[in-house]
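What you see below is based on every heavy atom in this structure, not just the backbone, and it leaves out hydrogens, waters and symmetry mates. Values in this document were obtained by computation on a predicted structure and should not be read as measured data. Chain identifiers are assigned alphabetically (A, B, ...) following the order of the sequence lines, protein sequences preceding nucleic acid strands; residue numbering begins at 1 within each chain.
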Amino acid sequence: MIDPRVLRDDPDRVKAAQAKRGLSGDAVDRALAADTARRTAIADFERLRAEQKQLGKQIPQAQGEERAELLARTKTLSADVRAAETAQTEADEEWRQALLAIPNPAAEEAPAGGEDDYAVISEHGTKRDFEAEGFTPRDHVELGKILGAIDIERGAKVSGSRFYYLTGAGADLEFALVNMALDQARGAGFTTMVPPTLVRPRAMEGTGFLGQAADDVYRIEGQDTYLVGTSEVPLAAYHSDEILDAETLPRRYVAFSPCFRKEAGSHGKDTRGIFRVHWFDKVEMFTYTTLEDAAEEHLRLLGWEKEWLDKLELAYRVIDVAAGDLGLSAARKYDCEAWIPTQGRYRELTSTSDCTDFQTRRLGIRGRFEGGDVKPVATLNGTLTAIPRTIVALLETHQQADGSVRVPAALQPYLQGRELLEPVLG
RNA sequence: GGAGGUGUCGCCUAGUCCGGUCUAUGGCGCCCGCCUGCUAAGCGGGUUUGGGGCUACAACCCCAUCGAGGGUUCAAAUCCCUCCACCUCCGCCA
């Protein structure tokens, strides 16, 4: 939720930020009008209510005729108060909805435009030249089959399209990646978490996933609960309605959790393999910090993502995502995209967002600062590893001509010391 | 799933039966001041959060807030209903 005060005092700035995302200022105008209506309604109600309370105080002391008269007056007033309160509640709700519809204003530094208007910040590692090495790379589906690591056919048989089993070396790889990621995060001072992945609407709405993104979310039939698409949701909602002692900031959490996505609207996209699936496990970093520190923390999260990809010896680039592609909550977002040899392009492996005070305002999370001041705080999130995509990149990048896959040195201790994943029979 | 209990402004707690004087009690913690050679003790004061008005975004005034939402009433922490969370016991179960 954007700051109502900024909206009221500087609506043009909010409109400019909307324009950067390619959106009109209509939502801003609607919120502004709702704000005016709301304040009028509040004034009406409070005036009547104050009068009612005044009269109410006199009643117990009054006697006889005076008392009867007071009762008569306050009785009619009671109806007015009730009507005014209803009007106030409605105006308030309308205002809230209008505010909720406005995305987080993009950061000044974020590139303007849509999906294709990202800016490349940096490139890392070296793409493998299979032509020079003299063999044609296999894609992860084929490698997964050879290694007995990924079973897509049975995944589809049991659960449908975009499902899979990780088997043998594939399953081992998941646990190795998870443990390695948790070790890295723990070493950086993160608190490890295993959060619930079934949440109430509040958590979903608070993190901005019930707006345009609602189509992508699994809702439990007959229940007011949702399966989360990322542990960002339970991690952000973890401190909802709390006032955090500023001394404890930044608070860094790292969670392991399954993630569920309907992938509505991505029909025909990435249909082969496990690059885009309805369920996957992920290790996610999440930070609560001050608004002042948020941009720097964002770079720290990016740093940890890069450290991770470096250790896996992947070739990747970092992009600064354009305003129109930020989603509802983020003011700025960096994606790390790894080179996928058989696709011949960079694909998103990790992503880190600075959500400033957008989520905390919605979730009622604030900080108590020096002098007792209660002020908004910021949330940020970043992927350490999303298992299937990491496996895709690893297998394809480190494959050898015979179908075996080299294990990066940093990962070996987590894979029982294995230096190589080798083809298995049948 | 069944039975019972609990939910008060950081923590603990009074108040709820019998609605109005609750402008929510007291303790702890915390903050400010006094006292003190320093510390401790003592003394005095302050200490929920959100919103509105007015404004220097101060002070001040007002409204809401006793788990959440409804209802009864001139008036609700207090009475009624629904929901949520937690606790105890029973049943079932990974």
**OP:** Remember a base hit wins even if backbone is also touched, and classify A:Ile243 as base, sugar-phosphate or nothing at under 4.0 Å, heavy atoms.
**Re:** sugar-phosphate

Subject >> N or O in side chain of A:Arg47 less than 4.0 angstrom from B:G53 OP1/OP2 >> reply: no

Original post:
Counting any heavy atom closer than 4.0 Å, what does A:Arg38 reach on the DNA or RNA strands: base, sugar-phosphate only, or nothing?
Top reply: sugar-phosphate

Original post:
Under 4.0 Å between a side-chain N or O of A:Arg202 and OP1 or OP2 of B:A68?
Top reply: no

**OP:** Please check the phosphate of B:G52 (OP1 and OP2 only) for any side-chain N or O of A:Arg8 closer than 4.0 Å.
**Re:** yes

Original post:
Can you tell which of B:U72, B:C84, B:G52 lies closest to the side chain of A:Arg82?
Top reply: B:U72

Original post:
For the pair made of NZ in A:Lys53 and P in B:U73, what is the distance, rounded to whole Å?
Top reply: 21 Å

**OP:** Would you tell me if any nitrogen or oxygen in the side chain of A:Arg39 comes within less than 4.0 Å of OP1 or OP2 on B:G51?
**Re:** no

Subject >> Distance below 4.0 Å between A:Gln52 side-chain N/O and B:C74 OP1 or OP2 >> reply: no

Subject >> Nearest-angstrom distance from the residue atom CZ of A:Arg96 to C1' of B:G51 >> reply: 15 Å

Subject >> Between P of B:A64 and CD of A:Glu85, the distance in whole Å >> reply: 9 Å

Original post:
For A:Asp3 and A:Arg361, what are the C-alpha separation, side-chain angles and deciding distance, and is it a salt bridge (Lys or Arg N to Asp or Glu O under 4.0 Å)?
Top reply: CA-CA 8 Å; A:Asp3 185 349; A:Arg361 280 183 191 280; 3.2 Å; yes

Original post:
Can A:Tyr316 and A:Asp310 be counted as having a side-chain donor-acceptor contact under 3.5 angstrom?
Top reply: yes

Subject >> Spacing of A:Glu242 atom CD relative to B:C11 atom P, expressed in whole Å >> reply: 11 Å

Original post:
Of the nucleotides B:A64, B:C74, B:G51, which one has an atom closest to the side chain of A:Arg49?
Top reply: B:A64

Subject >> Atom-pair distance (CD1 on A:Ile365; C1' on B:U49), nearest Å >> reply: 15 Å

**OP:** Classify the angle between the aromatic ring planes of A:Tyr253 and A:His239 as parallel (below 30°), tilted (30 to 60°) or perpendicular (above 60°).
**Re:** tilted

